[in-house]
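Just passing along the structure, written as structure tokens.
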Protein chains: 4
Amino acid sequence: MVRDVNRVQRKRDERVRRIVATAAELFGERGYDGTALEDVAERLDVTKGSLYYYFAGKDELAAAAIETLGSDWTARLEEMPATGPSAERLRALLREHIAIAVREYPAALRLFLVPDSWPDALRARIRELRARHDLVFRRVIREGVAAGELAVVDEDATLQALHAAMSQAPLWCSHLAGDAQDRAMDDLADTLMKLVRA
Amino acid sequence: MVRDVNRVQRKRDERVRRIVATAAELFGERGYDGTALEDVAERLDVTKGSLYYYFAGKDELAAAAIETLGSDWTARLEEMPATGPSAERLRALLREHIAIAVREYPAALRLFLVPDSWPDALRARIRELRARHDLVFRRVIREGVAAGELAVVDEDATLQALHAAMSQAPLWCSHLAGDAQDRAMDDLADTLMKLVRA
Amino acid sequence: MVRDVNRVQRKRDERVRRIVATAAELFGERGYDGTALEDVAERLDVTKGSLYYYFAGKDELAAAAIETLGSDWTARLEEMPATGPSAERLRALLREHIAIAVREYPAALRLFLVPDSWPDALRARIRELRARHDLVFRRVIREGVAAGELAVVDEDATLQALHAAMSQAPLWCSHLAGDAQDRAMDDLADTLMKLVRA
Amino acid sequence: MVRDVNRVQRKRDERVRRIVATAAELFGERGYDGTALEDVAERLDVTKGSLYYYFAGKDELAAAAIETLGSDWTARLEEMPATGPSAERLRALLREHIAIAVREYPAALRLFLVPDSWPDALRARIRELRARHDLVFRRVIREGVAAGELAVVDEDATLQALHAAMSQAPLWCSHLAGDAQDRAMDDLADTLMKLVRA
DNA sequence: CATGAATGAGCCTTCATTCAT
DNA sequence: GATGAATGAAGGCTCATTCAT
């Protein structure tokens with residue numbers, strides 16, 4: 001019995017996971033308005049109606065997608081090694097953030113930086129996710145500053161600038177390929193490091 | 001007679017100007033998809049259909065809005081004094097750009113930085129406008145670098161970062177008031193100047 | 001005074017004439033639904049609104065256009081020489097009718113043969129015009145039959161068939177050019193003459 | 001299972017069939033421009049939007065309507081006995097064609113003979129259908145001519161004339177009833193036979 | 001659980017018509 | 001007389017949402 005309930009539950013979770021992942025992809029690619037539930041359903045090989053069995057509506061699905069996307073992204077940054085000089089750690093974080101933005105969520109810009117186009121209910125949640133995301137960078141910078149390795153004019157302004165620049169990277173890196181793209185990402189990371197130079 | 005023609009023309013121009021201004025506001029606030037012609041018309045106290053007397057369609061209206069907004073903005077930056085040390089001139093440009101973004105086009109972000117949500121035909125034009133806009137900054141930086149007053153890791157990356165950060169300023173400055181807002185804008189400008197520090 | 005009134009009247013008539021002629025052209029080319037008053041106005045280099053000074057609305061203009069077109073067409077056929085053997089006269093009439101249809105009113109089909117797409121008020125009038133038009137051919141045929149030069153299975157059926165075939169000529173002759181077109185029209189006329197062969 | 005799939009499919013087909021039939025009726029009655037999807041929906045007692053579940057748009061629905069109508073019609077003619085003297089076979093074909101036009105597709109005229117009012121995409125298809133339709137008659141005539149039983153001035157012109165006359169039959173036969181209508185159709189068929197008389 | 005089907009609101013666009021100037 | 005301007009009613013299309021099966 002309990003076994004069964006668990007199995008059923010696991011199956012449901014797995015299904016929800018797949019739906020959310022697909023939705024995140026599409027919302028990321030095309031934005032909230034540009035993504036039709038039909039598209040999500042089609043990519044999942046189910047019908048539109050089925051989605052309503054798992055989510056109350058488009059907004060809820062979008063919320064879950066953002067949640068997932070934001071959490072995954074932050075998690076990957078949080079998993080990075082936390083030792084060594086602050087500058088090196090920050091450089092690595094920036095580089096990884098840029099790479100994720102360019103390669104995996106080319107339109108995360110829409111998810112994180114233009115919250116106004118999302119239904120009201122989602123905006124607050126987006127802000128929260130962003131704050132947690134922010135913390136990963138803020139901590140390193142703060143440590144670096146405390147240790148005298150880094151210096152900033154203003155912590156908030158610096159973080160805003162960093163995020164802004166990184167999130168827009170896809171807009172001008174996506175069309176590059178191979179080495180050229182890697183180099184562009186390196187250039188951006190190096191450029192941004194000047195913001196915290198002592 | 002000629003007077004009359006002129007008067008009529010002036011009146012039409014004025015009307016077109018108002019429509020475009022209103023459209024720019026709304027497109028800025030809600031993005032392309034989020035803005036219905038109905039909304040634009042309503043804010044102008046006319047009916048949807050009337051807009052078609054002046055513009056062939058939503059795209060053309062959006063194009064005009066972008067055009068106007070972009071040109072005005074660039075023009076104001078181009079009018080700034082072009083003498084003195086590069087660093088000072090650049091600082092002034094950044095500060096002015098930020099002020100315009102925050103105070104007048106709080107949602108220009110959507111017009112300039114998320115081109116993917118715009119119809120294909122408009123994206124190219126947006127890119128062009130942005131390029132011209134870009135040139136204002138690029139020129140000063142290049143001169144400064146040539147004169148040894150400034151230094152950049154990479155010109156393109158630097159410009160992208162500058163623009164990205166400035167355009168997003170409204171997202172975190174708009175809710176501040178008075179002095180606090182001024183200080184935040186100063187902080188951002190100062191922070192960004194580090195990107196070109198020799 | 002009287003002179004003036006006359007002059008004014010003549011001017012008005014001339015203007016009405018031009019409007020109707022233009023409307024006839026366009027209705028002929030594109031049909032009732034496919035023709036916008038804007039188009040008519042534009043071709044006349046006036047504004048849409050002006051048309052309402054001369055006609056109460058689209059229907060009335062269309063009525064006048066049909067009237068004119070129908071009358072002109074019939075008049076041209078009525079002006080043809082009325083002497084000689086019936087067969088020759090009929091052959092000439094058919095040939096001329098086809099030529100007018102192909103060269104001048106390529107879409108008269110829409111005016112004469114599909115009356116259902118016209119507003120109710122116009123359909124009756126169209127039928128009348130067609131009847132008068134019909135008479136031109138009917139008379140010659142009747143004379144020919146009476147004189148034993150021609151023979152028909154049934155007068156009405158023959159006339160319907162003649163008109164139908166001639167009116168549709170544009171559909172398959174229009175795309176031909178020069179001699180080929182002339183030959184096609186001759187072939188059709190000759191073919192149709194078999195319908196009245198003794 | 002398979003049963004179910006079949007049942008669902010059959011139901012869908014049946015629905016599509018009804019929609020197409022209704023659309024054909026209305027397009028036939030009022031032409032392409034004169035028929036609003038709203039009208040089609042209303043006659044089917046559904047809402048406009050529902051039609052889009054089955055057809056991508058007005059054009060596609062119109063295409064299906066034409067297709068069905070054209071195919072059915074041609075099929076019925078192709079099924080007629082293909083033996084006996086050419087003249088007799090042709091006479092039978094003409095008579096049947098006229099009967100179908102008058103009794104079942106009184107407005108086919110608009111579908112087949114006024115292609116100019118149809119969107120470009122459909123015109124080509126209409127032409128194709130008409131060509132296939134044409135072939136039924138063309139074959140018999142060609143055989144008859146080869147056998148010396150029939151004679152034509154020009155094959156193309158003859159076929160055009162035949163089709164034109166037959167398709168317009170409804171315009172002047174529809175209002176007749178019973179025997180009178182039958183006689184009118186006979187008269188037309190007999191009249192048209194003169195076109196191929198040796 | 002999932003599907004097919006249907007709905008209804010909303011959007012862009014066209015156009016005949018009206019009217020003040 | 002003519003123009004510029006505005007209106008309002010359609011009409012085509014999309015899509016989130018609902019629901020019976």
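Just so we're on the same page: letters track the sequence lines, and every chain starts at 1.
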- Report which part of the nucleic acid D:G49 touches: base, sugar-phosphate, or nothing (heavy-atom distance under 4.0 Å, all strands). base

- Within less than 4.0 Å of OP1 or OP2 of E:dT7, is there a side-chain N or O belonging to D:S50? yes

- Query: With a 4.5 Å heavy-atom cut-off, do B:R125 and B:E128 have their side chains touching?
  - Reply: yes

- Is there a side-chain polar atom (N or O) of D:Y53 under 4.0 Å from OP1 or OP2 of E:dA6? no

- Touch check for D:K11, heavy atoms < 4.0 angstrom, all strands: base, sugar-phosphate only, or nothing? nothing

- Whole-Å distance between F:dT14 C1' and B:K58 NZ? 13 Å

- Message: Quick check for you: among F:dA16, E:dA2, E:dA5, whose closest atom lies nearest to any side-chain atom of D:Y54?
- Response: E:dA5

- Message: Whether the side chain of C:K11 engages the backbone of C:N6 through a donor-acceptor N/O pair (distance < 3.5 Å, no angle test) should be reported.
- Response: no

- Take atom CD of C:Q9 and atom C1' of F:dG1, then tell me their distance rounded to the nearest Å. 14 Å

- With respect to the side chain of D:V8, which nucleotide from F:dT7, F:dG4, E:dG4 is positioned closest? E:dG4

- C:R12 vs C:Y53 side-chain heavy atoms within contact, under 4.5 Å: yes

- Over how many whole Å does the gap from D:R10 atom CZ to E:dG4 atom C1' extend? 16 Å

- Task: Would you mind reading off the distance between A:L26 atom CG and F:dC15 atom P, rounded to a whole angstrom?
- Result: 13 Å

- Query: Can you find a heavy atom in the side chain of C:L44 that is under 4.5 Å from one in the side chain of C:L51?
  - Reply: yes

- Task: Would you indicate, yes or no, if E:dT13 has its OP1 or OP2 atom less than 4.0 angstrom from a side-chain nitrogen or oxygen of B:Y52?
- Result: yes

- By nearest-heavy-atom nucleotide on DNA chain E, the more 5' of B:L37 and D:L51 is D:L51

- Task: Find out whether B:V16 and B:F55 are in side-chain contact, i.e. whether some heavy atom of one side chain is under 4.5 Å from a heavy atom of the other.
- Result: yes

- Item | d(CG, A:D45; P, E:dG4) in whole Å | 11 Å

- Note on the structure: Separation of F:dA6 atom C1' from B:R15 atom CZ, nearest Å, is 9 Å

- Between B:R10, B:R18, B:R17, which is the residue that forms a side chain to side chain donor-acceptor pair (under 3.5 Å) with B:E14? B:R17

- Does E:dT17 have a Watson-Crick or wobble mate here (both distances under 3.5 Å), and if so which one? F:dA6

- Message: By nearest atom, which of the nucleotides F:dT3, F:dA5, F:dA16 is closest to the A:A36 side chain?
- Response: F:dA16

- Rounded to the nearest Å, what distance is computed from the CD1 atom of residue A:I19 to the C1' atom of nucleotide E:dA2? 11 Å

- Is a donor-acceptor pair below 3.5 Å formed from side chain B:K48 to base F:dT7, judging by atom type as modelled? no

- Task: In whole angstrom, give the distance that lies between atom CG of C:D59 and atom C1' of E:dT17.
- Result: 12 Å

- Item | Nearest-nucleotide comparison on DNA chain E, the residue closer to the 5′ end among C:T35 and B:D39 | B:D39

- Do any side-chain nitrogens or oxygens of D:R12 fall under 4.0 Å of OP1 or OP2 in E:dA5? yes

